There are 2 protein chains.
Amino acid sequence: MPPPAKIRIDLNSAVPAYRQIVDAVRVLLVEGALPPGSELPSVRRLAMDLGVHFNTVGEAYRELAAEGWLDLRHGRGATVIARGLPAAAPERLQEFRTRLRSLVAQMRAEGVPPARIAAELRSLTESLKS
Amino acid sequence: MPPPAKIRIDLNSAVPAYRQIVDAVRVLLVEGALPPGSELPSVRRLAMDLGVHFNTVGEAYRELAAEGWLDLRHGRGATVIARGLPAAAPERLQEFRTRLRSLVAQMRAEGVPPARIAAELRSLTESLKS
DNA sequence: CTTAGTGTACAGTGTACGTGTACAGTCAAC
DNA sequence: GTTGACTGTACACGTACACTGTACACTAAG
């Protein structure tokens, strides 16, 4: 029961491996695929699966723990814990808006048809209702 | 007539300044705010406005030129040129999808209400029709 | 106690980002 | 044609970051 949550990263990407790991695991956490009580693979195990060094995974786990998602204890592994949503910081919203616009602009610049982009955005909007 | 296109960057952000400049200018280009023939401010001028070194702006301009947006010539400045859309690379779409999901997950993780996120996404979808 | 598992700390290496400085091309004034 | 003020470019440097290797410390099972 613990292995189903598989993540993948792109070692050729410009975005750092540890950040890709943080982002990928956070998606699973937010979407409920990793409910409180779940045990994450050990840093060495996940590192082997992803093809990176275990300290890189450790760095990612520590960041997730700092965000309040994980209970990370020496010698015992990483466990998902319950986490209340923080109060939304309004000034962050502007940054998110900018990043969304940039991402859409990049998609358009690389030739993704606007209709296709719209479909992706609608799909994302739908997934928010769950 | 050339000065209205103002951009802003956040020097405290973790994302590199030259990348913020590339992203911000690309948004203006994609949205048509900088039509072919427009002249961009000189590297030194824009650098002063943004509070960075002119080589940082130069780096951003070179990247935009490499993407086919700018005609950048020694001693003459940077001019927006007409640019056909490249054929969309299907494997890139998967990456964009991942980045969109990551961004939305991060917004949710930081407490932005789902309804608010949905509103932002709808707003973006609308802007694609223009 | 031993052992095999866990996460952690820290130094070393390569790379990326931003800057300072010197250089080279362009154009208008004279 | 020369000058001068503008343009972008090249390159070396300092600093910070991403990743790794290695040694360490904690935990649970035998």
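Not measured: the values here are computed from a predicted model. Just so we're on the same page: letters track the sequence lines, and every chain starts at 1.
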For the side chain of [X], counting heavy atoms from C-beta on, which of [options] is nearest?
X	options	value
B:R76	D:dA18, D:dT27, C:dC27	C:dC27
B:H74	D:dA18, C:dT8, C:dA24	C:dA24
B:V43	D:dG8, C:dC17, C:dT6	D:dG8

Do B:L64 and B:V43 land in one hydrophobic cluster if side-chain heavy atoms of ILVMFWY residues count as linked below 4.5 Å? yes
Over how many whole Å does the gap from [X] atom [atom1] to [N] atom [atom2] extend?
X	N	atom1	atom2	answer
B:E39	D:dT7	CD	C1'	11 Å
A:L11	C:dT15	CG	P	16 Å
B:Q20	C:dC17	CD	P	12 Å
A:L64	C:dG7	CG	P	13 Å
A:I21	D:dT20	CD1	P	9 Å
B:D71	D:dT7	CG	C1'	13 Å
A:L70	C:dT8	CG	C1'	16 Å
B:R19	D:dC17	CZ	P	18 Å

Using salt bridge (Lys or Arg N to Asp or Glu O under 4.0 Å) as the criterion, point out the one residue from B:R83, B:R92, B:R26 that pairs with A:E110. B:R92
Would you call B:E126-B:R122 a salt bridge at under 4.0 Å N-O? no
Between A:R108 and B:E31, is the closest basic N to carboxylate O distance under 4.0 Å? no
Please check the phosphate of C:dT8 (OP1 and OP2 only) for any side-chain N or O of A:R62 closer than 4.0 Å. yes
Short side-chain N/O contact from A:R44 to OP1 or OP2 of C:dG7, under 4.0 Å: no
Sorted by position of nearest nucleotide on DNA chain C, 5' first, the leading residue of A:L72 and B:A17 is A:L72
Decide yes or no for B:Q20 and B:R8: does some side-chain heavy atom of the first lie under 4.5 Å from some side-chain heavy atom of the second? no
Shortest non-hydrogen contact from B:T125 toward A:A118: CG2-CB, 3.8 Å
Which of these passes side-chain contact (heavy atoms from CB on, under 4.5 Å) with B:I9: B:V52, B:T56, B:D49? B:V52
Which is more 5' along DNA chain D, the nucleotide nearest A:Y18 or the one nearest A:G75? Just name the residue. A:Y18
Identify, residue by residue, the members of residues 45-61 of chain A with a heavy atom below 4.0 Å from DNA chain D, and return them in order of residue number, or none. A:V52, A:H53, A:F54, A:N55, A:T56
